[in-house]
Amino acid sequence: MKNDFEILVEKYADTVTRICYVNLGSRADAEDAWQNVFIKLFKSKKLWNKPEEELKKWLVTVALNECRDIKRKLFHRNHYDVDDLSLSCTEDFYKDIIIAVRSLPIKYLQVIELYYFEGYSVAEISEILSANENTVKSRLKRARELLKGDFLNEHI
């Protein structure tokens, strides 16, 4: 019989893993961030019974903060092991899209991740990232332009 915490980990593990990996680019660093996120959740038992959307938003925010903290550490290496990423889709086209998204500057990568992969609205992303809604809209627009240009240039 699984306890409440195990159920929450199973439910949100993929989301937190994806956010950590996309933001850090390293499996080892993503695993460290993932572990820190769920340790914080374990210590915050009062969150376990929050509504699903509120809990997910909390997890996303904590995951993004953990990623920022790891990036700030002096010993952090900037490398990407995209080939090790376990993707649910196996078609080369979709892998190319993921690689293109990963190549974006972090401020664009985050809004694309939250909007398209996690399904958050502009208002919710604004709250999660503590940014103005117009800033989020601008970043989404710029990210789309960058992806369109880079992706089309490589695939035409």
Side-chain angles (χ1 to χ4, degrees), residues 2-88 95 97-147 150:
K2 294 181 184 178
N3 65 32
D4 291 341
F5 180 72
E6 288 176 283
I7 292 168
L8 291 174
V9 170
E10 283 182 5
K11 185 171 188 172
Y12 297 106
D14 289 344
T15 297
V16 173
T17 300
R18 194 169 37 252
I19 288 168
C20 293
Y21 189 83
V22 165
N23 281 276
L24 296 170
S26 161
R27 180 176 282 172
D29 291 340
E31 288 172 354
D32 289 345
W34 185 95
Q35 183 176 2
N36 291 339
V37 169
F38 284 104
I39 286 171
K40 288 179 180 181
L41 178 62
F42 182 78
K43 290 179 178 179
S44 303
K45 290 183 179 164
K46 61 186 174 197
L47 292 169
W48 296 6
N49 295 319
K50 293 282 185 184
E52 182 176 338
E53 286 142 16
E54 190 175 329
L55 178 59
K56 184 178 177 185
K57 193 178 287 187
W58 182 88
L59 286 166
V60 168
T61 302
V62 171
L64 290 170
N65 288 336
E66 284 298 321
C67 291
R68 277 188 219 115
D69 289 347
I70 287 173
K71 284 182 172 191
R72 284 187 193 127
K73 291 182 181 178
L74 294 175
F75 63 86
H76 177 72
R77 295 169 288 149
N78 187 14
H79 66 280
Y80 301 97
D81 51 358
V82 173
D83 294 334
D84 293 337
L85 179 60
S86 175
L87 299 171
S88 60
K95 287 181 184 179
I97 291 172
I98 297 297
I99 291 168
V101 169
R102 292 267 310 115
S103 71
L104 291 171
I106 194 72
K107 64 184 181 181
Y108 302 129
L109 182 146
Q110 287 178 339
V111 294
I112 291 291
E113 166 71 19
L114 295 173
Y115 189 81
Y116 289 105
F117 297 108
E118 300 305 326
Y120 284 107
S121 68
V122 169
E124 291 169 323
I125 295 169
S126 171
E127 185 179 327
I128 290 169
L129 297 178
S130 299
N132 184 295
E133 283 188 40
N134 287 330
T135 301
V136 172
K137 289 177 187 177
S138 295
R139 288 180 183 173
L140 274 170
K141 182 179 185 290
R142 180 69 178 130
R144 289 181 194 118
E145 290 169 354
L146 288 169
L147 287 171
D150 291 343

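Quick caveat: nothing in here was measured; it's all calculated off a predicted structure.
Each ring pair (Phe, Tyr, Trp, His ring centres under 6.0 Å) pair with one or both residues in residues 43-70, not counting sequence neighbours, appears once here: Phe5-Trp48.
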Side chain to side chain contact (heavy atoms under 4.5 Å, CB included) between Leu24 and Ile70, intermediate numbers included = CA-CA 8 Å; Leu24 296 170; Ile70 287 173; 4.0 Å; yes
Mind running side chain to side chain contact (heavy atoms under 4.5 Å, CB included) on Leu47 and Leu8 for me, showing each step along the way?
-> CA-CA 11 Å; Leu47 292 169; Leu8 291 174; over 6 Å; no
Step by step, work out the side chain to side chain contact (heavy atoms under 4.5 Å, CB included) result for Asp69 and Asn36.
-> CA-CA 11 Å; Asp69 289 347; Asn36 291 339; over 6 Å; no
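Note that the NZ atom of Lys11 and the CG atom of Leu59 stand 11.0 Å from one another [nearest 0.5 Å]. With values rounded to the nearest 0.5 angstrom, Thr15 atom OG1 is found 8.5 Å from Glu113 atom CD. Once rounded to the nearest 0.5 Å, the distance linking NZ of Lys137 with CG of Asn134 reads 5.5 Å. The distance from the CG atom of Leu146 to the NZ atom of Lys141 is 10.5 Å, given to the nearest 0.5 Å. Taken to the nearest 0.5 Å, the CZ atom of Arg18 stands 4.5 Å off from the CD atom of Glu118. Taking CG of Asp32 as the reference point, atom SG of Cys67 lies at 10.5 Å (rounded to 0.5 Å).
Between Ile125 and Arg139, the closest side-chain pair of non-hydrogen atoms is not below 4.5 Å. When side chains are defined from C-beta on, Val62 does not count as touching Leu41, because their heavy atoms never get closer than 4.5 Å. For the pair Tyr120 and Lys56, the minimum side-chain heavy-atom distance is below 4.5 Å. Side-chain contact check for Ile19 versus Val37: every heavy-atom pair is 4.5 Å or farther apart. Taking the side chain as every heavy atom from C-beta outward, Asn23 and Gln110 approach each other to under 4.5 Å. Side chains of Glu10 and Ile7 form no contact here, defined as non-hydrogen atoms less than 4.5 Å apart.
Scored by the side-chain hydrogen bond (donor to acceptor under 3.5 Å, both in side chains) test, Thr17 finds Trp34 as partners (sequence neighbours excluded). Glu54 meets the salt bridge (Lys or Arg N to Asp or Glu O under 4.0 Å) test with Lys50; sequence neighbours excluded.
Across all their heavy atoms, Leu109 and Val101 have their closest contact at CD1-O, 3.5 Å. Residues Ala63 and Cys20 approach most closely at CB-SG, 4.2 Å, considering heavy atoms. Tyr12 and Glu52 get closest at one heavy-atom pair: OH-CG, 3.0 Å. Contact record, Glu133 with Ala123: OE2-CB, 3.7 Å, taken as the closest heavy-atom pair.
Contact check on Lys57 versus Glu53 returns no salt bridge, with no Lys/Arg side-chain nitrogen under 4.0 Å from an Asp/Glu carboxylate oxygen.
With Phe42 as the aromatic partner, Lys45 meets the cation-pi criteria of under 6.0 angstrom to the ring centre and within 45 degrees of the ring axis.
Taking a 6.0 Å sphere around OH of Tyr115, one finds it holds 12 or fewer heavy atoms contributed by other residues, nucleotides or ligands.
Using a 3.5 Å distance cut-off with no hydrogens or angles, the side chains of Tyr116 and Arg144 do pair a donor with an acceptor.
Checking side-chain atoms of Glu31 against main-chain N and O of Ala28 turns up no donor-acceptor pair under 3.5 Å. Side-chain N or O atoms of Arg102 include one that pairs as donor or acceptor with a backbone N or O of Val22 at under 3.5 Å.
Evaluated for a side chain to side chain contact (heavy atoms under 4.5 Å, CB included) with Ser126, the options Val136, Val111, Thr135, Asn132 yield exactly one hit, Val136.
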